[in-house]
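Below is one structure; the comments refer to it alone.
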Number of protein chains: 2
Amino acid sequence: MARMTPDDRRAAIIAATLAVMQRQGIAATTVRDVAAELDASSGLIHHYMTSMDELIAEAFERAAGADLLATRALVEQGQGPLEQLRFFFDSYSRAGDDFGMQLWLDAWAEAARRPELRQTSQRLNQAWQQLIRSIIEDGVRIGVMNCTDPVAAAWRILSLLDGLHLQEVAHGDSVTSQQVTKWSRHGAEIELGLAEGTLASHPTAPGELT
Amino acid sequence: MARMTPDDRRAAIIAATLAVMQRQGIAATTVRDVAAELDASSGLIHHYMTSMDELIAEAFERAAGADLLATRALVEQGQGPLEQLRFFFDSYSRAGDDFGMQLWLDAWAEAARRPELRQTSQRLNQAWQQLIRSIIEDGVRIGVMNCTDPVAAAWRILSLLDGLHLQEVAHGDSVTSQQVTKWSRHGAEIELGLAEGTLASHPTAPGELT
DNA sequence: GACGCTATTGCGCAAATGTCCAATAAGCCC
DNA sequence: GGGCTTATTGGACATTTGCGCAATAGCGTC
């Protein structure tokens with residue numbers, strides 16, 4: 001294997017770990033799999049990471065953190081809180097695809113037993129909630145949303161999204177992807193006193209995929 | 001080890017598995033741990049269970065199924081849909097204590113890799129949703145609840161509960177137990193067009209703990 | 001071109017895991 | 001009490017895991 005600078009190698013290891021994690025889930029990710037993905041030796045991973053925990057926590061943070069940044073960036077392009085919330089849902093459906101969501105399921109379950117992973121997962125979930133909360137507070141301030149407790153409402157909207165996605169990813173045909181999209185948006189409409197359809201997917205959202 | 005009838009032994013194995021699962025999580029439950037809990041040999045477990053998957057699925061079903069039955073029983077004691085829904089929340093907070101909920105987190109995450117567990121988990125989640133749905137349909141029929149899509153509303157209420165509990169169990173101090181109770185009930189009130197406080201914990205609910 | 005630093009290798013080790021199987025012994029019927 | 005059924009044992013086996021270590025090789029410096 002070509003010799004690399006420590007920074008580059010570290011980044012490459014995390015990227016490879018991420019690929020394996022997405023393919024097999026956190027629990028089934030092994031040092032040897034990561035090494036194979038890198039086409040390198042297993043010893044190399046331990047030369048950079050002191051433990052498997054550290055490796056997993058760091059890779060998860062990178063994956064989930066990237067989703068958060070992408071959503072934040074898209075939200076900031078929205079004109080006003082309503083469009084911002086619409087973009088939020090657009091982006092979240094994409095970030096919460098099967099791969100990403102299985103990662104979150106693993107992280108939540110493993111959080112009880114992996115302290116580093118737990119911290120990362122908690123911090124990112126709080127960041128998601130704050131993103132929603134600030135949109136709601138803006139919406140209330142300019143009078144397009146109705147909400148007496150933005151903190152609670154933000155946790156509810158986030159939890160509803162996660163709970164629905166969870167059913168879709170864990171059980172497949174209980175709840176379909178379209179239902180998650182439709183039901184979660186409608187839930188937010190009810191929560192914030194919006195007319196039905198207000199949060200329906202914006203057909204010309206910037207950065208839209210498919 | 002004393003010789004037992006197959007039925008009794010099978011029940012004992014499942015009970016022991018459950019104890020280990022609660023202590024260590026589903027992913028970390030091993031045949032040897034279960035055998036040690038039983039104070040029996042590891043071979044005995046495979047004499048009754050064809051695979052580890054079956055063992056785990058069956059133990060999970062027993063634990064989660066009991067919670068469902070308990071909640072159903074309590075709900076049936078409610079006079080009218082409003083009290084029934086109140087009892088539902090009372091019972092769910094109890095069923096969803098840290099042990100029970102961590103089990104669900106493990107189950108959802110492991111569902112992708114354990115087909116039998118996946119089936120069990122999916123079936124039970126659907127049963128929970130149907131329980132809520134039937135309460136809502138009754139409530140709409142007699143005019144005390146307002147809901148145009150009981151199926152979607154039931155999934156939302158269940159997912160909201162799961163999503164909030166998830167934060168509480170996985171992250172501890174992001175969301176407190178009281179907030180889960182308060183926020184999930186208020187979410188259902190908004191969803192069903194009920195006055196705030198309608199679903200607040202009933203002080204004299206039968207079978208109430210603590 | 002020689003030298004030194006260190007990225008990289010490749011194997012070995014100990015522990016853990018699911019599964020299987022021949023041997024043992026406990027209860028039941030005659 | 002003898003014999004049959006089968007619950008139960010206890011360990012063997014192959015595999016996988018995280019981790020450590022001595023050896024090797026790539027790259028910069030003089």
Side-chain angles (χ1 to χ4, degrees), chain A residues 1-21 23-60 106-107 109-110 113-117, chain B residues 1-21 23-60 106-107 109-118 120:
Chain A
M1 194 67 191
R3 191 184 172 117
M4 294 174 71
T5 71
D7 281 352
D8 286 350
R9 176 57 75 194
R10 203 180 163 82
I13 289 177
I14 292 179
T17 306
L18 199 50
V20 176
M21 273 170 43
R23 195 182 329 126
Q24 312 178 351
I26 290 182
T29 296
T30 72
V31 177
R32 282 166 179 80
D33 289 336
V34 174
E37 177 79 23
L38 260 179
D39 207 38
S41 70
S42 73
L44 186 59
I45 276 87
H46 279 96
H47 186 62
Y48 287 92
M49 304 284 169
T50 59
S51 78
M52 195 64 194
D53 262 35
E54 180 187 340
L55 177 60
I56 286 177
E58 212 138 337
F60 173 73
D106 290 339
E110 293 275 316
R113 290 171 285 274
R114 298 193 196 243
E116 307 201 36
L117 184 60
Chain B
M1 193 65 188
R3 193 184 171 116
M4 294 173 70
T5 74
D7 281 352
D8 287 349
R9 176 58 75 196
R10 204 181 162 82
I13 289 177
I14 292 178
T17 306
L18 200 50
V20 175
M21 274 171 43
R23 195 183 329 128
Q24 311 179 352
I26 291 181
T29 294
T30 72
V31 178
R32 282 165 180 82
D33 290 337
V34 175
E37 177 79 22
L38 261 179
D39 208 36
S41 70
S42 75
L44 185 58
I45 276 85
H46 277 94
H47 185 63
Y48 288 92
M49 305 284 168
T50 59
S51 78
M52 195 65 194
D53 259 37
E54 181 187 339
L55 177 59
I56 285 176
E58 211 134 339
F60 174 74
D106 290 340
E110 290 280 312
R113 291 174 283 275
R114 300 192 193 254
E116 306 202 37
L117 181 60
R118 174 194 175 107
T120 301

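Quantities reported herein were computed from a predicted structural model and do not represent experimental measurements. Just so we're on the same page: letters track the sequence lines, and every chain starts at 1.
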Side-chain heavy-atom pair B/I56, B/M49 within 4.5 angstrom cut-off: no
Position toward the 5' end of DNA chain D (nearest nucleotide), B/T5 or B/G43: B/T5
With A/A19 via side-chain contact (heavy atoms from CB on, under 4.5 Å) - residues at least two apart: A/E37
B/R114: partners by side chain to side chain donor-acceptor pair (under 3.5 Å), with sequence neighbours left out: B/D53, B/E110
Phosphate OP1/OP2 of C/dT19 contacted by B/H46 side-chain N/O (<4.0 Å): yes
Nearest-neighbour nucleotide for the A/S41 side chain, C/dG10, D/dA25, D/dG10 considered: C/dG10
Residues in contact with DNA chain D, drawn from residues 111-118 of chain B - heavy-atom cutoff 4.0 Å: none
Contacts of A/S51 that satisfy side chain to side chain donor-acceptor pair (under 3.5 Å) - sequence neighbours left out: none
Pairing residues for B/E54 by the side chain to side chain donor-acceptor pair (under 3.5 Å) criterion, not counting sequence neighbours: B/R10, B/T50
By side chain to side chain donor-acceptor pair (under 3.5 Å) - contacts of A/D7 (at least two apart): none
Beyond-backbone contact of B/M4 with B/I13, side-chain heavy atoms, under 4.5 angstrom: no
Counting only pairs under 3.5 Å, give me each side-chain donor-acceptor contact of residues 41-48 of chain A, with atom names and distances, residues two or more places apart or in other chains.
none

Trace of the side-chain contact (heavy atoms from CB on, under 4.5 Å) decision for B/I26 with B/L117: CA-CA 10 Å; B/I26 291 181; B/L117 181 60; 4.3 Å; yes
Distance-only donor-acceptor test (3.5 Å): side chain A/R9, base C/dT8: no
Pairing residues for B/E116 by the salt bridge (charged side-chain N to carboxylate O under 4.0 Å, His left out) criterion, not counting sequence neighbours: none
Selection: residues 23-33 of chain A, any non-hydrogen atom under 4.0 Å of DNA chain C: A/R32
Contacting residues from residues 47-59 of chain A, given that a heavy atom lies under 4.0 angstrom of DNA chain C: A/H47, A/Y48
